[in-house]
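Written out below as structure tokens is the structure these notes cover.
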Amino acid sequence: MIIENSNFILEHIASSGQCFRMNKTGDTQYSVIAKGRYLSLNQLNENEVKLSCTEEEFQEFWSEYFDLSYDYESIVKNLLAGEDEFLKKAAAYGYGLRILKQDIFEALITFIISQRKSIPAIKGCVEQICQRFGEKRVDMVSGTVYYTFPTPVKLAEAAKEELREAGLGYRDEYVRKTALAVVKGEIALQNLKALSYEEVLGEFMKLPGVGIKVANCAALYGLHRIDAFPIDVWIERILKEVYENKFDVNTYKGYAGIVQQYMFYYIRSLS
DNA sequence: CTCCAGGAAATAA
DNA sequence: TTATTTCATGGA
């Protein structure tokens, strides 16, 4: 089926570093694996994307996953009409980005893995743990073989040696212990939705390998708290060199996480 | 060879 | 409290 949307650019979303299981498979073709499902997408033009799923599956799952009911166009227009020169350029460059509504556990684990790794290296590790600990499936539409993201139980039971073989390095125990905490109910991921932003960060940061940055990523990409503003080395550089440490996130209250995504995507394009 | 990658935890000051 | 050091691994 075909989706019409003025802010749905697959290239930008796939290479924005928020999701590690969306890949380019052709000139205008992409694939994504989420919540056990496989989808292929084709960017027909600036305003149209063709999806391999049925209308029913789109309504039931993918529409929300891609946050298609949210008006990203008005945010881009706001930034373009604003005074902030850096954000003007960032929005003009990254228009079409969206904040995907990923699985909470997957967002948590993949961003624990992400620390001190390049995005290609993260994607490699994530694919490895999916192949080793996930479930093998076949997409009925294309016949593509794919692997689901591992369950908490699988990762909690994973052998340290195999996690090392997957390339996790010293993060092996972080992943295993966090998965175990989820299995034992020491953190109830589904209940986090009811908590405030600050409470959510507090809960995430009790977990091994989760500091302020990973907690914000899990909140933004796993719980869709678009007020979350993850500060990594790139954003840190912007705040210091572009804004001389005078950037106020409260200026963008209600959608700071989206602003952060434009910033991140734009600064990386410059080098 | 060195340096860095969507950082966090342990340790020192 | 804040500042420094260490932690695997792969690629430039």
Side-chain angles (χ1 to χ4, degrees), chain A residues 11-23 86 90 93-94 97-100 102-104 106-132 155 158-181 187 200-243 245 247 249 256-271:
Chain A
E11 175 64 29
H12 294 179
I13 297 170
S15 52
S16 67
Q18 61 173 301
C19 163
F20 304 105
R21 303 207 74 196
M22 185 168 179
N23 293 310
F86 183 80
Y93 178 78
L97 277 169
R98 314 186 74 82
I99 305 292
L100 304 183
Q102 300 182 57
D103 176 72
I104 307 172
E106 179 173 340
L108 182 58
I109 296 297
T110 57
F111 278 95
I112 286 175
I113 293 173
S114 80
Q115 60 186 258
R116 298 303 285 179
K117 275 187 176 296
S118 67
I119 291 176
I122 300 163
K123 293 177 87 167
C125 286
V126 171
E127 201 51 43
Q128 276 291 312
I129 65 168
C130 289
Q131 288 187 18
R132 290 168 183 272
L155 286 181
K160 184 172 180 174
E161 296 73 28
E162 197 169 354
L163 290 173
R164 283 290 167 105
E165 287 170 19
L168 294 200
Y170 64 89
R171 306 159 193 81
D172 56 352
E173 289 291 80
Y174 294 162
V175 168
R176 210 166 60 171
K177 288 177 179 172
T178 291
L180 187 59
I187 179 168
V200 165
L201 290 187
E203 288 301 307
F204 279 142
M205 288 173 69
K206 288 178 186 172
L207 299 167
V210 180
I212 186 69
K213 191 271 179 180
V214 170
N216 269 287
C217 286
L220 179 57
Y221 306 121
L223 285 167
H224 204 72
R225 296 300 174 97
I226 55 176
D227 264 316
F229 191 86
I231 299 175
D232 72 321
V233 290
W234 296 91
I235 299 293
E236 180 87 55
R237 211 169 292 165
I238 295 172
L239 298 186
K240 186 177 178 184
E241 295 174 10
V242 178
Y243 294 96
N245 292 322
F247 183 82
V249 283
I258 299 172
V259 169
Q260 181 268 166
Q261 199 67 33
Y262 292 127
M263 284 179 159
F264 179 79
Y265 187 61
Y266 177 57
I267 193 70
R268 285 171 54 86
S269 76
L270 299 179
S271 55

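Residue-level contact check: A/Tyr221 touches the bases, meaning some heavy atom is under 4.0 Å from a base atom. The residue A/Glu236 sits apart from the nucleic acid: no heavy atom pair falls under 4.0 Å. Within the 4.0 angstrom heavy-atom criterion, no nucleotide atom of any strand lies near A/Ser271. Within the nucleic acid shown, A/Gly17 comes within 4.0 Å of at least one base atom, counting heavy atoms only. No contact: A/Ile113 has no heavy atom under 4.0 Å from any strand. Looking at heavy-atom distances under 4.0 Å, A/Pro230 makes contact with a base.
Annotation: ring-ring contact (aromatic ring centres under 6.0 Å, His included) contacts of A/Tyr221 (sequence neighbours excluded): A/Phe111.
Classification of A/Glu173 and A/Arg176 as a salt-bridged pair holds, one side-chain N sitting under 4.0 Å from a carboxylate O.
Boundaries of the chain A contact region on DNA chain C are C/dC7 to C/dT9, first to last in 5' to 3' order (nucleotide atom under 4.0 Å from a heavy atom). Taking a heavy-atom distance under 4.0 Å as the criterion, the stretch of DNA chain B touched by chain A extends 5' to 3' from B/dA5 to B/dA9.
The gap from the P atom of C/dA8 to that of B/dT11 amounts to 14 Å, rounded to the nearest Å. For the P atoms, the distance linking B/dC3 with C/dT5 amounts to 14 Å, nearest Å. Comparing B/dT2 with C/dT6, their P atoms are spaced 15 Å from each other, to the whole Å.
Listed for the A/Arg171 side chain is no donor-acceptor partner under 3.5 Å among the backbone atoms of A/Gly209. In this structure a side-chain-to-backbone donor-acceptor pair under 3.5 Å is present from A/Gln18 to A/Leu100.
Within a 6.0 Å radius of CD in A/Glu162, more than 12 heavy atoms belonging to other residues, nucleotides or ligands are found.
For the side chain to side chain contact (heavy atoms under 4.5 Å, CB included) with A/Phe264, the lone residue among A/Ile235, A/Val259, A/Ile238 that qualifies is A/Ile235.
Nearest-nucleotide mapping onto DNA chain B: of A/Ile212 and A/Arg237, the residue sitting toward the 5' end is A/Arg237. The residue among A/Lys117 and A/Met205 whose nearest nucleotide of DNA chain B is located toward the 5' end is A/Lys117.
For the residue pair A/Ala215 and A/Val210, the shortest heavy atom distance occurs at N-CG1, 3.8 Å. Residues A/Gly169 and A/Arg164 approach most closely at O-NE, 2.7 Å, considering heavy atoms. Nearest heavy-atom pair across A/Leu163 and A/Asp172 is CD1-O, 3.7 Å. Across A/Ile119 and A/Gly17, no two heavy atoms sit closer than the pair CD1-CA, 3.8 Å. Nearest heavy-atom pair, A/Lys117 versus A/Cys125, reported as atom, atom and distance to 0.1 Å: CE-SG, 3.6 Å.
Scanning residues 122-129 of chain A for heavy-atom distances under 4.0 Å to DNA chain B yields an empty list. Heavy-atom distances under 4.0 Å link DNA chain C to A/Arg164, A/Gly169, A/Tyr170, A/Arg171 of residues 162-179 of chain A, given in residue order.
The list of salt bridge (charged side-chain N to carboxylate O under 4.0 Å, His left out) pairs with a residue in residues 118-128 of chain A, not counting sequence neighbours, reads A/Arg21-A/Glu127.
Separation of the A/Phe229 and A/Phe247 ring centroids falls under the 6.0 Å cut-off.
By the 30° and 60° cut-offs, the orientation of the rings of A/His12 relative to A/Tyr93 is parallel.
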